[in-house]
Amino acid sequence: MSSTAPEAPLPDKEADLGAWYDEVLKRAELIDIRYGVKGFVVYRPNAMRIVKRIYEMFEDELESRGHLPMLLPLVIPMANFRRETEHVKGFEDQVFYITEAGEKPLDEKLVVRPTSETAIYPMLSLWIHSYSDLPLRLYQSVAVYRHETKATRPLLRGREFLWIETHDAFADEVGAKSQILDDLQVAKKVYDELGLAFLVVEREPYDKFPGAESSYAYDALLPNGNVLQIATTHYLGDHFTKAFDVTFVDRDGNRRNPRSTCFGIGISRTLAALIMTHGDKYGLVLPFGLSVHDVVIVPIPHRGIVDDVMAKARRLEEDLRAAGFNVYLDDSEDTPGDKFYHWDMLGVPTRIEIGRKEVEGKFVTLYRRDERIREKVKDEDLQDRLRALSKEILDNIRNRAWERLRNSISDAASRDDIERLAGEGRIIRANFCGRDECAQEIKEKTGYEVRGRRVDVEEKPDGNCAWCGRPASRVVYMAKAY
């Protein structure tokens, strides 16, 4: 590690989240945007360590609930892509095509995977024959490709992004809809372990996934008041199974189409939400298990007892590693200040500082990144304290995220309320009539979108639509989406 202390502090996160975010991606060596193709970025090792862990967390949870891993080809035959008409219309203007190979035109144009429904269902028609083949729960961890026409930003909006997608088939609607609730539990468990706060909303009928009967989105709050969709679950009914002739013989001997669901988990966007939600003016803030190291030891040698300081540092490193901690001894020639800056930028949860006083007093100075505070810990108590901090730090950053989310929601009873609260950057809760025309007017006037009704809590309208005054059918949340 070379000297990395910057000449200027990071941009103010509250005043300019975008500038802060771009600078953190650069200084923490997470993402490099200089690849040369718009919307495509390079994930550097510091980012990929986090990405791999997020993948593992979701994959472990999915497999514990009966999902099996698979891998579908990147390309989809055009004939398959066109078989579900609503789906095609929803993605046509975002698709990358392959039309040539070896400078010769292909016999059939190929679609580069924007999502995999039209890839998996032809295979399900070959794999599913009887009720004994159901339920079938499959997932793959891949990248998807969409020709995003809006302004791109690393991890948030690009043309290649990492995700996990599940494709599940069931004998009936009851089984399929129970999977939607299970998807919610998967998301809740993993996002809790990442300390992220989010709303789960059922999208409005005009805002569904193309080809779905109903869509459910997981919207994380960003520090600027915007929301970021980090995952979605869709109840597909029999739309795709009918289009691709997926059938099974039930217990009574009748041939039927299964009901199906899919669950898309945005790994790239989850990483972005993690960075933005917890980071501060010093860089990343991460819980144990997400950072490059959970514990970094920084020796601070002093005249005459350099050997003693290093001996204690090495002994602690060995003891902590043997106890299962992801620990690193920074014995580089950089100054302690440069080391502190570097590991703060990378979000390492804890740091152990050892100098002359620590050697003589048989204690360490323990620093926790989330609060940027130090405490003295006796040598014999260090491992217990680190284990306690692994929980305290996660609880702390999670509670802060949920408190920000709760405090950002305001109720609107009228059009004036909606316009005022949108101007203040609030998440708006309001009675809504359900009309697409109202939703479009709200977006045109305020830039806010009707995100949908919450599905994790029951809320009933107690008045008319806050925008148009017509009878309200539900309570919805409105926000500016990134």
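Because only heavy atoms are used, hydrogens play no part in the values below, and waters and symmetry mates are left out as well, while side chains stay in.
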Problem - Any side-chain donor near an acceptor of the partner, Ser215 and Arg203, under 3.5 Å - result: no

Problem - Glu459 side chain to Tyr477 side chain, donor-acceptor N/O pair below 3.5 angstrom - result: yes

Fill in the blank from the handout: Heavy atoms of Arg470 and Cys433 approach each other most closely as CB-CB, 4.4 Å

Exercise for the section: State whether Asp32 and Lys26 are salt-bridged, where the test is any N-O pair (Lys NZ or Arg NE/NH1/NH2 against Asp/Glu carboxylate O) under 4.0 Å. Expected result: no

Problem - Check ion pair Glu148-Arg159 (N to O, under 4.0 angstrom) - result: no

Problem - Crowding at CD, Glu458 (>12 non-hydrogen neighbours, <6.0 Å) - result: no

Handout entry: Reported NZ-to-OG1 distance for the pair Lys242 and Thr247, which is rounded to 0.5 angstrom
Key = 12.5 Å

Practice task
Using distance alone, with no hydrogens and no angle criterion, decide if His234 and Thr232 have a side-chain donor and acceptor under 3.5 Å apart.
Solution key: yes

Handout entry: Salt bridge flag under 4.0 Å for residues Arg27 and Glu29
Key = no

Exercise for the section: Quick one: sort the Phe161 and Trp163 rings into parallel, tilted or perpendicular, breaks at 30° and 60°. Expected result: perpendicular

Exercise for the section: State which residues pass side-chain contact (heavy atoms from CB on, under 4.5 Å) with Asp417; sequence neighbours excluded, sorted by chain then number. Expected result: Ala412, Ala413, Ser414, Arg420

Problem - Separation of Ile442 CD1 from Cys465 SG (nearest 0.5 Å) - result: 6.5 Å

Exercise for the section: Validate the cation-pi geometry between Arg256 and Phe248: distance from NZ or CZ to the six-membered ring centre under 6.0 Å, angle to the ring axis within 45°. Expected result: no

Handout entry: All pairs passing salt bridge (Lys or Arg N to Asp or Glu O under 4.0 Å) where residues 471-482 contributes a residue, at least two apart
Key = Glu204-Arg474

Exercise for the section: Taking the side chain as every heavy atom from C-beta outward, state whether Glu59 and Pro69 have any pair of such atoms under 4.5 Å apart. Expected result: no

Practice task
Would you sort out whether Arg351 and Phe340 count as a side-chain contact (heavy atoms from CB on, under 4.5 Å), showing the intermediate values?
Solution key: CA-CA 9 Å; Arg351 184 173 69 231; Phe340 296 166; 3.2 Å; yes

Exercise for the section: Could you check if a side-chain atom of Ile275 sits within less than 4.5 angstrom of a side-chain atom of Leu155, using non-hydrogen atoms only? Expected result: yes

Practice task
For Gln179 and Tyr235, test the side chains for any donor-to-acceptor distance below 3.5 angstrom and give the result as yes or no.
Solution key: no

Exercise for the section: Flag the pair Tyr121 / Phe240 as yes when their ring centroid distance falls below 6.0 Å, and as no otherwise. Expected result: yes

Practice task
Calculate, to the nearest 0.5 Å, the distance between atoms CZ and CG belonging to Arg44 and Leu30 respectively.
Solution key: 9.0 Å

Exercise for the section: For side-chain contact (heavy atoms from CB on, under 4.5 Å), just list the numbers for Phe209 and Leu236, CA-CA rounded to whole Å, side-chain angles, deciding distance to a tenth of an Å, and then say yes or no. Expected result: CA-CA 9 Å; Phe209 176 74; Leu236 304 176; 4.2 Å; yes

Practice task
Determine, for Glu202 against Arg454, whether the closest basic-nitrogen to carboxylate-oxygen distance falls under 4.0 angstrom.
Solution key: no

Exercise for the section: Any chance you could measure Asn326, atom CG, to Ser291, atom OG, to the nearest 0.5 Å? Expected result: 7.5 Å

Problem - Side-chain H-bond candidate by donor/acceptor type, Tyr218 with Asp183, under 3.5 Å - result: no

Handout entry: Any pair counted as salt bridge (Lys or Arg N to Asp or Glu O under 4.0 Å), so long as it reaches residues 269-283, sequence neighbours left out
Key = Asp280-Arg369

Practice task
Could you tell me if the ring centre of Tyr191 sits under 6.0 Å from that of Phe198?
Solution key: yes

Completion exercise
For Asn431, the side-chain contact (heavy atoms from CB on, under 4.5 Å) test, sequence neighbours excluded, returns Pro461, Asp462, Ala472, Val475

Exercise for the section: Can you establish whether the number of heavy atoms outside Ile33 located under 6.0 Å from its atom CD1 is more than 12? Expected result: no

Problem - Salt-bridge contact Arg259-Asp238 (side-chain N to carboxylate O under 4.0 Å) - result: yes

Handout entry: Check ion pair Glu403-Arg406 (N to O, under 4.0 angstrom)
Key = no

Problem - Tyr97 vs Val111, side-chain contact (heavy atoms from CB on, under 4.5 Å): CA-CA, chis, key distance, verdict - result: CA-CA 5 Å; Tyr97 296 104; Val111 172; 3.9 Å; yes

Completion exercise
Sequence neighbours excluded, the answer for side-chain contact (heavy atoms from CB on, under 4.5 Å) partners of Arg415 is Glu419, Glu441, Trp467

Problem - Spatial distance of atom OH (Tyr216) from atom OG1 (Thr233) [nearest 0.5 Å] - result: 9.0 Å

Problem - Stepwise side-chain contact (heavy atoms from CB on, under 4.5 Å) test for Ile427 and Val227 - result: CA-CA 9 Å; Ile427 293 177; Val227 295; 4.0 Å; yes

Exercise for the section: Identify whether the distance between the nearest side-chain nitrogen and carboxylate oxygen of Arg65 and Asp182 falls below 4.0 Å. Expected result: yes

Problem - Donor + acceptor pair across side chains of His67, Asp168 (<3.5 Å) - result: yes

Handout entry: Basic-acidic side-chain contact under 4.0 Å: Lys188, Asp456
Key = no

Handout entry: Ion pair check, Asp60 and Lys189, cut-off under 4.0 Å
Key = no

Practice task
Quick one: list whatever passes side-chain contact (heavy atoms from CB on, under 4.5 Å) with Ile373, sequence neighbours left out.
Solution key: Arg368, Glu371

Practice task
Please determine if Arg451 and Glu449 form a salt bridge, counting it only when a charged side-chain N lies under 4.0 Å from a carboxylate O.
Solution key: yes

